[in-house]
Amino acid sequence: MLDIRFIRDNAGQVKAAAAAKKAPVDVEALLDMDRDRRRIIQEVEQLKASRNQASRDVARLKAQDGPEREGKLGLSAALITREIGDKIRKLDGELRTIEEKLEQALLAVPNVADPSVPEGNDETGNVVDRTIGDENVFDFTPRPHWELGEKLGIIDFERGVKVSGTRFYMLRGAGARLQRALIAWMLDVHTRERGYSEVYPPYIVTGKCLVGTGQLPKFADNLYHDAEEDLWLIPTAEVPVTNMYRDEVLEANDLTLKHVAYTPCFRREKMSAGKDTRGIKRGHQFDKVELVKFCLPEKSNEELEILVEDACSIPRKLGLRYRVVRLCTGDLTFASMKTYDVEVWSPGCKEWLEVSSCSNFGDFQARRANIRFRRDPKARPEYLHTLNGSGLALPRTLIAVLENYQNPDGTVAVPEALRPYMGMDVIR
RNA sequence: GGAAGCGUGGCCGAGUGGUCGAAGGCGGCGGUCUUGAAAACCGCAGUGCCGCAAGGCACCAGGGGUUCGAAUCCUCUCGCUUCCGCCA
């Protein structure tokens, strides 16, 4: 959420950012509501001040003159203040209404891009920052993972669909084990080498959390939720982990705070038929190891660069070819100020797979979730900055491993780093 | 899920409907004293909003209500504790 005061002072910038993100935002309407709101506040607070004064008068007279005069004095004061009270009640009602409307409207305003983000309309405007690693040379035609998976009996598409419908699959045997190995290994890398502290969060959260990170109210369509209660399946660990510190004031000394969490992710998205239909690239349920950071406002862009490197350490250690893409203004998500995607090359599908999306949210989420810090014990609380990125998303990492490490006979070598976790060298 | 009790400032803990933003204690900060520290004593200390400012308003889990006036009375919601039931 943006500060209404920021919007007041930077209306043009906010309009431009909303247009770039294709979010219909009526900035003028916001400013009108803000003006009305402040007018009513001034009016009602003046009335409250006079009511308080009258109340104090009654109290004082009663104390001075004793109970015998209470009737007279009390009555005259009562006549005045009852009228004021009615007005106050009426104005308070108006104020509540307009504040709710303004709040709802503000929750629909997207974050403003950082100045370093390239201009652009859509993903074609993204900029490849760097590509690391060489393309694997195969002396045979590499197979896509769905062929490998079925041949090896480690991905069972039919039974996943039988149990849960389209876009679900089951991993079996070495496939399930490979995913588990990747999860355990990635958690170990981030905790042991990158300084993250591991968290096991709930996979179901209240709506408030989703408002905090920015999925609600705008993107309810993409979420699974309990029909009777305000409980929602998480679309990413970002939601519970960022909201851990909701309504808290942290100490500056504890920043930057870094957490890593493994969770499944649930996304309802009504995906266009025919897009990414083959394989396990896109489903309603997938696993992900997520990195979340809380830091000082002036450090967040620096922290973003480090976060990207933390994510990149995984494909690097796996010996996968990867690249870092800088998203343009038009491809940024609703809450993001600046985002880098990390993509790995999959020779079977012949495409770059997005395995991580690392974003700096500035104080956008911190404001929504009310996460603050104190520079020193006497200072006023300030909003901190939040960041997160995948480290990494499992199915796509699994795809890249299968396709890059495949042998001519359809077996798959286990990457060196994973062998201790897999207990085997080759999946056959 | 049922019953009972409880939710006050960073923490503990008072608070007969009327100058209560709230006693007292601990902790914190700044002094005095001390070679230094401790102790003792004195003082300062919440958050948000409106306002150029002076200042004002709000906040005693959260919402609604009664009242001229609510931390205090009523009501609903949430959370915690204990007992019972159920359960991996």
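Just so it is clear: chains get the letters A, B, ... in the order the sequence lines come, proteins before strands, and each one is counted from 1.
Between A:Phe364 and A:Tyr383, a ring centre-to-centre spacing not shorter than 6.0 Å is recorded. Separation of the A:Phe168 and A:His284 ring centroids falls under the 6.0 Å cut-off.
Look at CG on A:Asp92: it is 13 Å from P on B:rC57, rounded to the nearest Å. For the pair A:Leu231 CG and B:rC78 P, the computed distance is 12 Å after rounding to whole Å. In this structure, A:Arg246 atom CZ and B:rC78 atom C1' are separated by 13 Å, rounded to whole Å. Atom-to-atom, CG of A:Asp3 to C1' of B:rC49 comes out at 12 Å; the value is rounded to the nearest Å. The distance from atom NZ of A:Lys208 to atom P of B:rC78 is 14 Å, rounded to the nearest whole Å. Rounded to whole Å, the distance from CD1 on A:Ile41 to C1' on B:rG48 is 11 Å. Separating the CD1 atom of A:Ile88 from the C1' atom of B:rG64 is a distance of 17 Å, rounded to the nearest angstrom.
With contacts defined as side-chain heavy-atom distances shorter than 4.5 Å, the pair A:Lys338/A:Leu304 qualifies. Inter-residue side-chain proximity for A:Asp254 and A:Phe294 is flagged as unmet; no heavy-atom pair is nearer than 4.5 Å.
Between A:Arg5 and B:rC49 there is a side-chain polar atom (N or O) within less than 4.0 angstrom of OP1 or OP2. Of the side-chain N and O atoms in A:Asn52, one or more sit less than 4.0 angstrom from OP1 or OP2 of B:rC57. Contact check, A:Arg38 against B:rC49: no side-chain N or O comes under 4.0 Å of OP1 or OP2. Contact check, A:Arg39 against B:rC50: no side-chain N or O comes under 4.0 Å of OP1 or OP2.
Other residues, nucleotides and ligands contribute over 12 non-hydrogen atoms within 6.0 Å of the CD atom of A:Glu309. With a 6.0 Å radius and a threshold of 12 heavy atoms from other residues, nucleotides or ligands, A:Arg159 has its CZ atom at or below the threshold. Under a cut-off of 6.0 angstrom, the local environment of CD in A:Glu251 is sparse, with at most 12 non-hydrogen atoms contributed by other residues, nucleotides or ligands. More than 12 heavy-atom neighbours from other residues, nucleotides or ligands sit within 6.0 angstrom of CD on A:Glu298. The environment of CD in A:Glu119 is sparse: at most 12 heavy-atom neighbours from other residues, nucleotides or ligands sit within 6.0 Å.
The pair A:Arg35-A:Asp32 meets the salt-bridge criterion, with a side-chain N (NZ, NE, NH1 or NH2) lying under 4.0 Å from an Asp/Glu carboxylate O.
Taking a pair as Watson-Crick or G-U with both hydrogen-bonding distances under 3.5 Å, the stems of three or more pairs touching RNA chain B are B:1-7 with B:78-84, B:10-12 with B:24-26, B:28-32 with B:40-44, B:46-50 with B:55-59, B:61-65 with B:73-77.
Side-chain polar atoms of A:Asp156 and A:Tyr169 form no donor-acceptor pair below 3.5 angstrom.
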Identify all pairs in which a protein N or O lies below 3.5 Å from an N or O of nucleotides 69-76 of chain B, and state each distance.
{"residue": "B:rG69", "atom": "O4'", "partner": "A:Ser55", "partner atom": "OG", "Å": "3.3"}

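Contacts between residues 363-374 of chain A and RNA chain B, defined by a heavy-atom separation below 4.0 Å, involve A:Arg372, A:Arg374, listed by number.
Across B:rA58 and B:rA40, the matching C1' atoms stand 40 Å from one another, rounded to whole Å. Taking atom C1' in both B:rG25 and B:rG51, one finds a spacing of 38 Å when rounded to whole Å. On the C1' atoms, B:rC12 is 11 Å away from B:rU8, given to the nearest whole Å. Comparing the P positions of B:rC11 and B:rC68 gives a spacing of 36 Å, expressed to the nearest Å. Taking atom P on both nucleotides, B:rA4 is separated from B:rG62 by 24 Å, rounded to a whole Å.
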- [ ] Start with the C-alpha gap between A:Glu303 and A:Asn360, add the side-chain angles, then the distance that decides, and say whether side-chain hydrogen bond (donor to acceptor under 3.5 Å, both in side chains) holds.
- [x] CA-CA 8 Å; A:Glu303 291 285 2; A:Asn360 179 5; over 6 Å; no
